[in-house]
*Asks:* 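Handing you this structure, nothing more for now.
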Protein chains: 2
Amino acid sequence: MPSQTTSTNGAAANGSAKRGRPGYDQQSVLRIAVDVFNRHGYDATSMGILADNLGISKSAIYHHVPSKGDLLKLALDHALGGLESILEQPEAAAGAADARLEFVLRRTVAVLVERLPFVTLLLRLRGNTEIERNALERRRTFDHKVAALISAARDEGSLRQDIDPRTVTRLLFGMINSIVEWYKPGGSLSPGKLADDVITMAFDGLHGHTAPTA
Amino acid sequence: MPSQTTSTNGAAANGSAKRGRPGYDQQSVLRIAVDVFNRHGYDATSMGILADNLGISKSAIYHHVPSKGDLLKLALDHALGGLESILEQPEAAAGAADARLEFVLRRTVAVLVERLPFVTLLLRLRGNTEIERNALERRRTFDHKVAALISAARDEGSLRQDIDPRTVTRLLFGMINSIVEWYKPGGSLSPGKLADDVITMAFDGLHGHTAPTA
DNA sequence: CCGGGCCGACCGACCGTTCATGAGAAACTA
DNA sequence: TAGTTTCTCATGAACGGTCGGTCGGCCCGG
C-alpha cells in the first residue's frame, strides 16, 4: 500500500559516489515526508505512517533527521526562502509600483509552482508549535511587504481606489495561494500561462474590458 | 488559560426553562468545539484540550455527542447545508447565466460569513476519515455546479474567453474561500461591502476599467 | 574494517473512549 | 410546604492503543 519508491530506495539521483550502505539521504527523506504531510496533514501524519511510505523503519528516520519538527522546519525554510528571495531581486525594488507588483506576483506564482509541496505545507500551518509560529511570522512579513507594494500602486493611480487595499491584498493572496490546492505540474496548463491567467484575472477581471495596453 | 465561558457554563441563552442540571447542551458544545478545532486544527485538537476549553471534564463531552468524529460531522453538515441551499433558490436557476452566477457568488460570500467557523472547518479538511471524504465529495459537487454556471456565462459571451473555465473556477473559489482565513465579523468591513468587493474584483479586476453599467 | 544506513524492542506520555456514580434543578406527590 | 422522584449534566479512574523518540547492535559496500 505505501507508495514506496521502488528498488533503489529513492536515494536521489546522487551522481557523486558515496561510502557506506546505499539508501536514503536527508534530501530524499525530506521530499517524501513533505508529500506525505500534504496528503494527510502534518499533525495527522505519524512517524510510523511516514516510515511506511519511505519503506524503512521508524527509527531509521531518526538517522537522517533529529525530530519530526526538524523535518517540518527544513521544509518551511525551503518554502520561505523561495518567497523571500523574490523581494530581494532588483525588479522588485525599482520602477513603477504597478510594474514591481506585477513582477512580484508573477514570481510568487512561479515559486509556488517550483516548490509546490513545500509551499503547500507552509500555507496550511495552524501555528501549534514554535516552529510553525516562526514560519507564520516570516510569511506575514512577506505578505506585508507585498501589501505595501499594492498600496503604492494604488497611490500611483494604477489601481482602483474603491476597495480597501487590505481587502485587495487578502483577496489577491487568496486567489494566488489557492494554486497549491489544485495545480498539477506537467499538465496542459504551463506555469507561464498560469501566471498570465492570474495576472489577467487580478488586473482585468472576468469581464475583460481590457484597457488599450499603453 | 482555557478561554472558558464564565459562570453560566455557556449553556446558550436558552430562554425556555429546562429540566435537570444546568450546563451545556449539544449546540453550545458544538459551537465552542468548532472554534477550538479551527484554532488548533481538527487533528491536533485532543478531547482533553477541548474539555479544557469547555471547562468540563473530557468524559462529559461524551454526554452530548457520541464521538469526536460526530462532532466534526455535525459541523460539516451545517456548513454544507448552507452552501447547498444556495443552489436550490429560484434566483440560481432562472435568468441569464451571468446574473445567476453573480447571485450564487454573493450568496456564497454571505454563507461563508454567516457560518464562518463551520465553513472554515470544512475548507481545511484533508480527507483522512470517511466522514471527511464524504464532506469533501459534497463540496466538490457544489463546486462543479458553480463551474457549470461559469461555463454557461462564458458561452453566453458574458465572460472573457481567453482563460480556461476550469482555471477561472478555481481562482475564483480560491479568492472567495480565502475569506474564512481573514474575515472578522463585526469589524469595519460589512458582509455586504465584502460581497461587493469580491464581485468587483472578480468581474472587473484591480485596474477597474468598468464598462458603462448598461 | 570503517562508517553510513538500518532494524527491533522498548519508553513514557498522551490519545479517544467507557463506566459507575454524583450533583443539582424542575416536576410530582402528600 | 416538605419530601420524593425524575431528568440532565457532570465526574474521575481506567482501558487499549498510538504517539514521538531512544537505544544497542546488525548489515554491507568502499
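Side chains included, hydrogens not; waters and symmetry mates left out as well; all remaining heavy atoms used.
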*Asks:* Nearest to the side chain of H63(A), which nucleotide is it out of dG5(C), dG16(C), dG20(D)?
*Replies:*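 Among the listed nucleotides, the one closest to the side chain of H63(A) is dG5(C).
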
*Asks:* If the threshold is 4.0 Å, N to carboxylate O, is there a salt bridge linking R39(B) and D35(B)?
*Replies:* no

*Asks:* Closer than 4.0 Å, any side-chain N/O of H64(A) to the OP1 or OP2 of dG4(C)?
*Replies:* no

*Asks:* Rounded to the nearest angstrom, tell me the gap between atom OH in Y62(A) and atom C1' in dG20(D).
*Replies:*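 After rounding, the reported distance stands at 4 Å.
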
*Asks:* Please write out the pairs of protein N or O atoms and N or O atoms of nucleotides 8-13 of chain C separated by less than 3.5 Å, giving the distance to one decimal.
*Replies:*
unit_1: dG8(C); atom_1: O6; unit_2: S59(A); atom_2: OG; d: 2.5

*Asks:* Please tell me which of the listed nucleotides, dT11(D), dG21(D), dT17(C), lies nearest to the side chain of I56(B)?
*Replies:* dT11(D)

*Asks:* In whole angstrom, what separates D52(A)'s CG from dC7(C)'s P?
*Replies:*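 In whole Å, dC7(C) P lies 11 Å from D52(A) CG.
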
*Asks:* Which residues pass the ring pair (Phe, Tyr, Trp, His ring centres under 6.0 Å) test with F37(A), not counting sequence neighbours?
*Replies:*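 Counting only residues at least two positions away or on another chain, F37(A) forms a ring pair (Phe, Tyr, Trp, His ring centres under 6.0 Å) with Y42(A).
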
*Asks:* By nearest atom, which of the nucleotides dC6(C), dA10(D), dG16(C) is closest to the K68(B) side chain?
*Replies:*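 For the K68(B) side chain, the nearest candidate turns out to be dG16(C).
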
*Asks:* For dC9(D), does either OP1 or OP2 sit under 4.0 Å from a side-chain N or O belonging to Y24(B)?
*Replies:*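 No, outside the criterion.
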
*Asks:* side-chain hydrogen bond (donor to acceptor under 3.5 Å, both in side chains): which pairs involve residues 193-202 of chain A, sequence neighbours left out?
*Replies:* R106(A)-D196(A), K193(A)-D197(A)

*Asks:* For I49(B) and dG16(C), give me the distance from atom CD1 to atom C1', rounded to whole Å.
*Replies:* 13 Å

*Asks:* Please identify each residue that fulfils side chain to side chain contact (heavy atoms under 4.5 Å, CB included) with S85(A), with sequence neighbours left out.
*Replies:*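 So S85(A) forms a side chain to side chain contact (heavy atoms under 4.5 Å, CB included) with E88(A).
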
*Asks:* Give every donor-acceptor pair under 3.5 Å between a side-chain atom in residues 108-117 of chain B and any protein atom, sequence neighbours left out.
*Replies:*
unit_1: T108(B); atom_1: OG1; unit_2: V104(B); atom_2: O; d: 2.6
unit_1: R115(B); atom_1: NH1; unit_2: H78(B); atom_2: O; d: 2.7

*Asks:* Applying side chain to side chain contact (heavy atoms under 4.5 Å, CB included), name anything that partners L74(A), two or more places apart in sequence or on another chain.
*Replies:*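 Partners of L74(A) under the side chain to side chain contact (heavy atoms under 4.5 Å, CB included) test: Q26(A), L30(A), V65(A).
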
